[in-house]
Amino acid sequence: VELTRSTAIDELSRQLRFVASGVCRLTPGTAMAHPLDGFGPGLSAVILLLVPPALATPPPPPNVLLVAVDDLRPEIGTYHPWSPHDTIITPHLDALVNKGTLFASAVVQIALCAPSRTSFLTSLRPDTTRIWTIGPFFRNTTARGATAVTLPQAFKNAGYHTESFGKVFHISEGCYRVPVVTGSGACLNDPDSWSLPPWIPSPYEERGPNSTNTGPMGSMNLDDLSWKAVDDEDEAFPDGNISVHATAALARIKTDVVDAGGSFFLGVGFLKPHLPQVFPKKYLDLYANVTAPEVASNPFPPKGSPTVAWGGVMQEISEYSNIQAAKGDNKTAGSYNLPVAVQVAQKRAYHAATTYIDAQIGRVFQELVALGLRESTIIVVIGDHGWKLGEHGGWAKKTTFWNDARGLLIVSDPRQSDPGQVVAHTAVEYLDLYPTLAELALPTGVPPGLEGTSFAPVLHNASFQHRKVGLYQYTCAGIKACMGYSIISLPLQLRYTEWVAFDFTTATPNFNVSVAVAELYDHEKDLEENVNVAGLAAYASARSTLSAALRASFG
C-alpha cells in the first residue's frame, strides 16, 4: 500500500534518527545496508519531493532570440492598419502573434535606423546617447551612451552566450574598433556585446552606386533601381545568407551551450524591406493573383503643417534611377505625388520584400522548433521604425508622422499567460524592450540606469496599462539647430509636436524658442494626420496639457 504523505514523513524521520544513532555501525568485513532499503519506490519519490527547492539545481534562464528588421512598418498579414484593404503575406509572423503579443501602439524613440537601434539596445533616449543621425557610432561619443552596457552585453555579462548575424546594431561611420567579421569586409556591429565576432554577409547590399551606399556593392542592381525582383534562390541574397548562417549557429549553440546547461542570446538582423527592395522573384509571384495594393489616400503634406515636419519625405527614394525618371523635371526632395503605376509597383515590391523576410524569419523559427528550443526561448521581432508608402508623399521614414513613429513589435514568451493579443490601448516605447527582457530572463534582474520601464506585465494581462503616453523626437528638415519633440496620448487620442531650438553640442532643447508652428493631430477623427489642429480654440486645453508634459519630459 502506498504510503501517505504524513506517514512517509514520520517514517523518514525515524530512519534518519536510526542512521544518526549509530545503529548501522559496521563490523569489519561487512557491507552496510542502505537504511531506506525495503521501503520501496513510493518513499523514495516522497523523499525527492521533500528535498528543499534551494538544494535542487535550478533550470537555466530562458534563451532570447531577437530579430531586428530594417524599415519594416507595422503591417503584417493579420494586422495592417495603414493599408486595411491590402493583402500582405506573412504566415510566420502571423503565427508568432498567435503565441505572443503584438504591441499596436509601440513608439520608436526616433525614426531612423542608427539612433533607433542605439536607443532600444541601450534603453537610453537619443538626447542621452547623442545619436540623432546615421553617424557616429555611440561608442565613439563622449556622451553617457559610450560606456553603456547594451542589451546583449548585459546578457553576456550574466553568463549568456551571445552571437549576432546580420544587422542588429547600425554602424557605418567611424566603426568601433573595426571588429573582425567572418565573411565580410563590412563594419556593422558592437564587439563588446557578443561572445563571438558578429557575422555580416558580403556583399552586404545588392544596390548600385547611389549616394547612400556604404557597404560592399553587389551585382544584382547595377541599374540602381528602387526595387527589383531577381530570379534566384533565397541564399543568393544577403538576407537568405543571414538566415542560413543563423540556423546553422542555432544547431551549434544547442550542442555547445544549451546541452551543457547554458543559455543564449541570439541577435538576427535582416536588411529588407529597406531600399532598394531587391528580392527573389518567387515572392513577387505569390502576389500574381492578389488584388493590387491601394495607393495612399493622402499623398500631400498635412494642412497647416510646417515644412520642417515633411521637407525630406522623398530624400531616400528620390536617389534611384527609376524614381528620378518618374519625377521628370521635379528634382526636389519635397512632397509630391508619383504616378499611380509607379506607386502601385513600389508598394507591391515592398510587400513582396516583406514576404521574403517573413520566409527567412520562418526558417530561423523552424530550426528553433526542430532543435526543441522553442519552449525555452523568448522571441522578439522588432522593426527599427515605421515607414511611409506614399502617405504625405513620402517613401521613407525620417519624420515625426505617426506612420514613421509607430513600429512593429512582437514579443512571445512561452510562459506568458495571455498570448495571441494585439494590444493597442497602452503605449510602449522601444527603450522599454531592454528592461522587459531583463525582467523576463536575466538572473540578475533589470540593470540600473535604464531610461525605459518593463512592460512584462502586459504579457500576462493584456489589459494592463503600461504607458498612457509615448515620447519621441526627430530633427528638423532643412534647419540645423532645431529638434521636434513629440508626445502621443492614447487617452486623448492626440499627437502633439513642438519644433524648438536645440543645441547639439550640449543636447539641450530650448522650449522657449519655437522654430516652427506646433502640430496637433486628432487621431480619433484624423489618424492619417492630414489636418493640423494646433491653432484651434477647441484644442487649447489639450495642447497646454501636452506641451507641459513635453517640457517636463525633455526640458
Step by step, would you call Leu471 with Leu550 a side chain to side chain contact (heavy atoms under 4.5 Å, CB included)?
CA-CA 8 Å; Leu471 301 165; Leu550 273 184; 4.3 Å; yes
Check the angle between the aromatic planes of Trp194 and Phe169 and answer parallel, tilted or perpendicular using the 30° and 60° thresholds.
perpendicular
If we count only N and O atoms by modelled type, under 3.5 Å, do the side chains of Ser454 and Glu439 hold a donor and an acceptor together?
yes
Looking at Phe155 and Val64, what are the two nearest heavy atoms and their distance?
CE2-CG2, 3.8 Å
Can you tell if the side chain of Thr475 reaches within under 4.5 Å of the side chain of Val308, non-hydrogen atoms only?
no
Nearest 0.5 Å, what's the CG-OG1 distance between Leu250 and Thr255?
11.0 Å
Euclidean distance, Phe264 CZ relative to Thr162 OG1, rounded to 0.5 Å:
12.0 Å
Checking the side chain of Ser123 only, and the main-chain atoms of Leu431 only, is there a donor and an acceptor separated by less than 3.5 Å?
yes
Go through it in stages, so that I can follow the logic: the residues are Leu408 and Val69, the test is side chain to side chain contact (heavy atoms under 4.5 Å, CB included), and I'd like the CA-CA distance, side-chain angles, deciding distance and then a yes or no.
CA-CA 9 Å; Leu408 177 72; Val69 187; over 6 Å; no
Once rounded to the nearest 0.5 Å, what's the spacing between atom CG of Leu102 and atom CD1 of Ile410?
5.0 Å
Given 3.5 Å as the limit, does a donor-acceptor pair link the side chain of Arg374 with the main chain of Thr377, or not?
yes
Flag the pair Pro509 / Glu498 as yes when at least one side-chain heavy-atom distance between them is below 4.5 Å, and no otherwise.
no
Are Phe279 and Tyr356 close enough that their ring centres sit under 6.0 Å apart?
no
Search all heavy atoms of Thr436 against all heavy atoms of Ala456 and return the closest pair with its distance.
CG2-N, 3.8 Å
N-O pairing of Asp404 and Lys388 below 4.0 Å
yes
Determine whether Arg495 and Tyr472 make a side-chain contact, defined as any pair of heavy atoms from C-beta on separated by less than 4.5 Å.
yes
Any side-chain donor near an acceptor of the partner, Glu519 and Thr497, under 3.5 Å
no
Is Arg415 close to Leu440 at the side-chain level, that is, under 4.5 Å between some pair of heavy atoms?
yes
Donor-acceptor contact below 3.5 Å, side chain Gln366 vs main chain Leu368
no
Return each pair, listed once, that meets side chain to side chain donor-acceptor pair (under 3.5 Å) where at least one residue sits in residues 105-116; pairs must be two or more places apart or across chains.
Gln109-Glu429
What verdict does the side chain to side chain contact (heavy atoms under 4.5 Å, CB included) test give for Leu490 and Gln493, after you've listed the backbone C-alpha separation in whole Å, the side-chain angles of each residue and the deciding distance to 0.1 Å?
CA-CA 5 Å; Leu490 295 185; Gln493 288 292 289; 4.3 Å; yes
When you measure from the side chain of Tyr434 to the backbone of Thr150, do you find a donor-acceptor pair of N or O atoms at a distance under 3.5 Å?
yes
Counting only N and O atoms by type, is there a donor-acceptor contact under 3.5 Å from the side chain of Asn510 to the main-chain atoms of Ala501?
no
Taking the side chain as every heavy atom from C-beta outward, state whether Val244 and Arg363 have any atom pair closer than 4.5 Å.
yes
Could you tell me how the ring of His274 sits relative to the ring of Trp387: parallel (under 30°), tilted (30 to 60°) or perpendicular (over 60°)?
tilted
Would you kindly say whether Gln153 and Asp190 are connected by a side-chain donor-acceptor distance under 3.5 Å?
no
Minimum-distance pair of heavy atoms, taken over all atoms of Val149 and Ala154
CG1-N, 3.7 Å
List in chain and number order the residues that pass salt bridge (charged side-chain N to carboxylate O under 4.0 Å, His left out) with Glu375, two or more places apart in sequence or in another chain; answer none if no residue qualifies.
none
Heavy atoms of Thr400 and Ala405 approach each other most closely as O-CB, 4.5 Å
Looking only at atom types and distance, does a side-chain atom of Thr101 sit under 3.5 Å from a main-chain N or O of Ala462, one as donor and one as acceptor?
no
Please check if the side chain of Asp432 supplies one atom and the backbone of Thr453 the other of a donor-acceptor pair under 3.5 Å.
yes
4.5 Å side-chain heavy-atom contact, Phe265 and Leu66:
yes
Do the side chains of Phe103 and Tyr430 get nearer than 4.5 Å, heavy atoms only?
no
Salt bridge present between Asp127 and Arg125 (N-O < 4.0 angstrom):
no
Report the C-alpha separation of Thr354 and Glu75 in whole Å, then their side-chain angles, then the decisive distance to 0.1 Å, and conclude whether the side chain to side chain contact (heavy atoms under 4.5 Å, CB included) test is met.
CA-CA 9 Å; Thr354 299; Glu75 292 199 308; over 6 Å; no
Exercise: do Thr129 and Thr118 side chains pair donor with acceptor under 3.5 Å
no
With a 4.5 Å cut-off on side-chain heavy atoms, are Asn63 and Lys254 touching?
no
Taking atom CH2 of Trp82 and atom CZ of Arg406, what is their separation to the nearest 0.5 Å?
5.0 Å
Can you confirm whether the side chains of Thr141 and Arg130 place a donor and an acceptor under 3.5 Å from each other?
no
Contact summary for Arg73 and Ser83, nearest pair of heavy atoms:
NH2-OG, 3.2 Å
Ignoring hydrogens and geometry beyond distance, is a side-chain donor-acceptor pair present between Tyr283 and Asp234 at under 3.5 Å?
yes
How many angstroms lie between OG in Ser412 and CG in Leu459, if you round to the nearest 0.5 Å?
8.5 Å
With distance as the sole test, does Ser489 use its side chain to make a donor-acceptor pair with the main-chain N or O of Leu494 at under 3.5 Å?
no
Angle class for the Trp132/Phe502 ring planes (parallel below 30°, perpendicular above 60°, tilted otherwise)?
perpendicular
Determine yes or no for a side-chain-to-main-chain donor-acceptor pair under 3.5 angstrom, with Thr426 supplying the side chain and Arg467 the backbone.
yes
Aromatic centroids of Tyr485 and Phe554 separated by under 6.0 Å
yes
How long is the span from the CG atom in Leu112 to the CG atom in Asp71, to the nearest 0.5 Å?
9.0 Å
Shortest non-hydrogen pair, Phe270 vs Ile361, comes out as CE1-CG1, 3.7 Å
Regarding Lys397 and Asp384, does a basic nitrogen lie under 4.0 Å from an acidic carboxylate oxygen?
no
Looking at Pro152, is its backbone amide N or carbonyl O close enough to the side chain of Ser193 to form a donor-acceptor pair, meaning the two atoms are under 3.5 Å apart?
no
